[in-house]
Protein chains: 2
Amino acid sequence: MANSLDTIFAALADPTRRAILSMLLEDDMAVTDVAEPFEMSLAAISKHLMILTRAGLIAQEKRGRVKWCKLEPDAMKNASVWMQGFGQFEPVNLDAFERFLETELDTSIE
Amino acid sequence: MANSLDTIFAALADPTRRAILSMLLEDDMAVTDVAEPFEMSLAAISKHLMILTRAGLIAQEKRGRVKWCKLEPDAMKNASVWMQGFGQFEPVNLDAFERFLETELDTSIE
DNA sequence: GGGATCGTCAACCAAATGGTTGAATGTCTA
DNA sequence: TAGACATTCAACCATTTGGTTGACGATCCC
């Protein structure tokens with residue numbers, strides 16, 4: 001089944017894929033542009049994007065020869081609901097979130 | 001680093017481990033009792049518990065010959081904050097959460 | 001002490017994962 | 001039409017993962 005917790009959490013477990021999601025938070029991007037900051041091959045990034053797509057975390061739309069990737073934030077909702085059942089967390093702290101993004105990008109883009 | 005998003009999401013990606021966390025939501029349990037509803041070996045469950053412990057999602061404490069496992073809900077907080085940055089989700093729906101638990105237990109305990 | 005119980009360790013195995021390279025496909029543009 | 005560009009496919013490789021079994025170290029209790 002698509003959007004299962006299995007595939008969503010597995011997709012999120014990889015730092016490269018989380019970095020890609022963070023990048024897409026800014027704007028939609030073409031595959032080549034997604035791949036640019038990473039040191040791995042374009043084919044590897046293509047595989048990562050396929051995994052994110054199968055998990056429902058992003059959507060890909062081909063226009064001409066360019067395939068655009070955009071965030072699909074609803075897919076994380078199931079997982080988020082599941083997680084929040086385990087504790088009452090403080091209201092979302094967006095400052096903390098932005099610090100996460102910075103350190104994540106620093107450590108995963110290499 | 002312990003409690004990194006890598007290890008937390010990887011730990012959550014396995015249905016057996018999520019089922020274990022759901023069971024521990026009810027009460028602390030000994031390793032043998034955790035293993036009881038599953039069809040796999042005790043050694044396999046022991047490995048799963050080690051992965052959950054390394055991720056910081058549970059804590060294990062040995063009293064006598066029995067090792068007690070208890071939920072450590074704070075560890076999910078980082079991951080939850082990270083996820084919520086990607087969208088404004090509705091306030092937590094605990095009914096939906098309980099339905100998740102039921103279907104998850106049905107499909108992962110075999 | 002001796003036997004049952006609790007849990008882990010070690011060695012092993014099959015399958016999945018994350019990466020590579022090179023060829024192939026499709027599309028734009030001069 | 002030819003070439004450049006965007007992306008994926010296919011084959012391959014090393015490592016990790018999730019499971020098994022059997023032996024082992026503690027601990028409880030008679």
Side-chain angles (χ1 to χ4, degrees), chain A residues 1-2 4-21 23-24 27-55 57-70 104 107-110, chain B residues 1-2 4-21 23-24 27-55 57-70 104 107-110:
Chain A
M1 183 202 313
S4 71
L5 294 179
D6 276 33
T7 55
I8 291 179
F9 282 131
L12 294 178
D14 185 278
T16 300
R17 290 193 288 266
R18 288 198 307 279
I20 291 173
L21 292 175
M23 291 162 59
L24 292 178
D27 208 352
D28 300 356
M29 296 177 81
V31 173
T32 305
D33 296 333
V34 169
E36 195 272 330
F38 298 95
E39 274 191 351
M40 68 189 71
S41 69
L42 188 60
I45 296 293
S46 180
K47 282 189 188 179
H48 282 304
L49 291 170
M50 190 57 54
I51 289 170
L52 289 169
T53 301
R54 279 197 272 103
L57 292 165
I58 67 171
Q60 293 181 284
E61 182 198 356
K62 198 167 177 182
R63 279 204 298 273
R65 63 183 164 179
V66 173
K67 201 164 189 178
W68 292 91
C69 308
K70 73 173 221 277
E104 277 261 299
T107 56
S108 64
I109 295 183
E110 190 52 19
Chain B
M1 184 200 314
S4 71
L5 295 179
D6 275 32
T7 54
I8 291 179
F9 283 131
L12 294 177
D14 185 277
T16 300
R17 289 193 287 265
R18 288 198 306 278
I20 291 173
L21 291 175
M23 291 162 59
L24 292 178
D27 208 352
D28 299 356
M29 296 177 80
V31 172
T32 306
D33 295 333
V34 169
E36 194 271 330
F38 299 95
E39 275 191 349
M40 68 189 69
S41 69
L42 186 60
I45 296 293
S46 180
K47 283 189 187 178
H48 281 303
L49 291 171
M50 192 55 55
I51 289 170
L52 289 169
T53 301
R54 277 198 271 105
L57 292 164
I58 68 170
Q60 293 180 285
E61 182 197 357
K62 198 167 177 183
R63 279 205 298 274
R65 63 180 165 179
V66 174
K67 200 165 191 176
W68 292 92
C69 308
K70 73 173 220 278
E104 277 260 299
T107 56
S108 63
I109 295 181
E110 187 69 4

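Lettering follows sequence order; numbering is per chain, from 1. Everything numeric in this text was worked out from a predicted model, so none of it was measured. All values below come from the heavy atoms of this structure, side chains included, with hydrogens, waters and symmetry mates left out.
Summarising the geometry, atom CG belonging to B/L52 is positioned 10.5 Å from atom OG1 belonging to B/T7; distances are rounded to the nearest 0.5 Å. Here A/L24 contributes atom CG and A/L49 contributes atom CG; the two are 7.5 Å apart, rounded to the nearest 0.5 Å. With rounding to the nearest 0.5 angstrom, the CZ atom of B/R17 is 12.0 Å from the CZ atom of A/F9.
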In 5'-to-3' order, the base (B), backbone-only (S) or no-contact (-) status of each nucleotide in nucleotides 1-14 of chain C, using a 4.0 angstrom heavy-atom cut-off, is ---BBSBSB-B---
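Judged by distance alone, with hydrogens and angles left aside, the side-chain atoms of A/R18 form a donor-acceptor pair with the main-chain N or O of A/L12 at under 3.5 Å.
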With a cut-off of 3.5 Å and sequence neighbours excluded, list every side-chain donor-acceptor pair involving residues 58-65 of chain A.
{"from": "A/Q60", "atom 1": "OE1", "to": "A/T53", "atom 2": "OG1", "distance (Å)": "3.0"}
{"from": "A/E61", "atom 1": "OE1", "to": "A/R63", "atom 2": "NH1", "distance (Å)": "3.2"}

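Note on A/H48: a side-chain N or O is less than 4.0 Å away from OP1 or OP2 of C/dG19. At the phosphate of C/dG19, neither OP1 nor OP2 sits under 4.0 Å from any side-chain N or O atom of A/S41.
Taking atom CG of B/D6 as the reference point, atom C1' of C/dG18 lies 13 Å away to the nearest angstrom. Rounded to an integer number of Å, the gap from CG of B/D14 to C1' of C/dA15 is 14 Å. In this entry the distance linking CZ of B/F9 with C1' of C/dT17 reads 18 Å, nearest Å. A/R63 has its CZ atom 15 Å from the C1' atom of C/dC28, to the nearest Å. When the P atom of D/dG18 is taken as reference, atom CG of B/L12 falls 12 Å away, rounded to whole Å.
Note that the two end axes of the helix from C/dG7-D/dC24 to C/dA30-D/dT1 enclose an angle of 30°, each drawn from 5 base pairs, rounded to 10 degrees.
The two atoms that bring B/F38 and B/T16 nearest to each other are CE2-CG2, 3.8 Å, heavy atoms only. Shown here for A/P37 and A/M23, the closest heavy-atom pair between the two residues is CG-CE, 3.7 Å. Nearest heavy-atom pair across B/D6 and A/P15 is OD2-CD, 3.5 Å.
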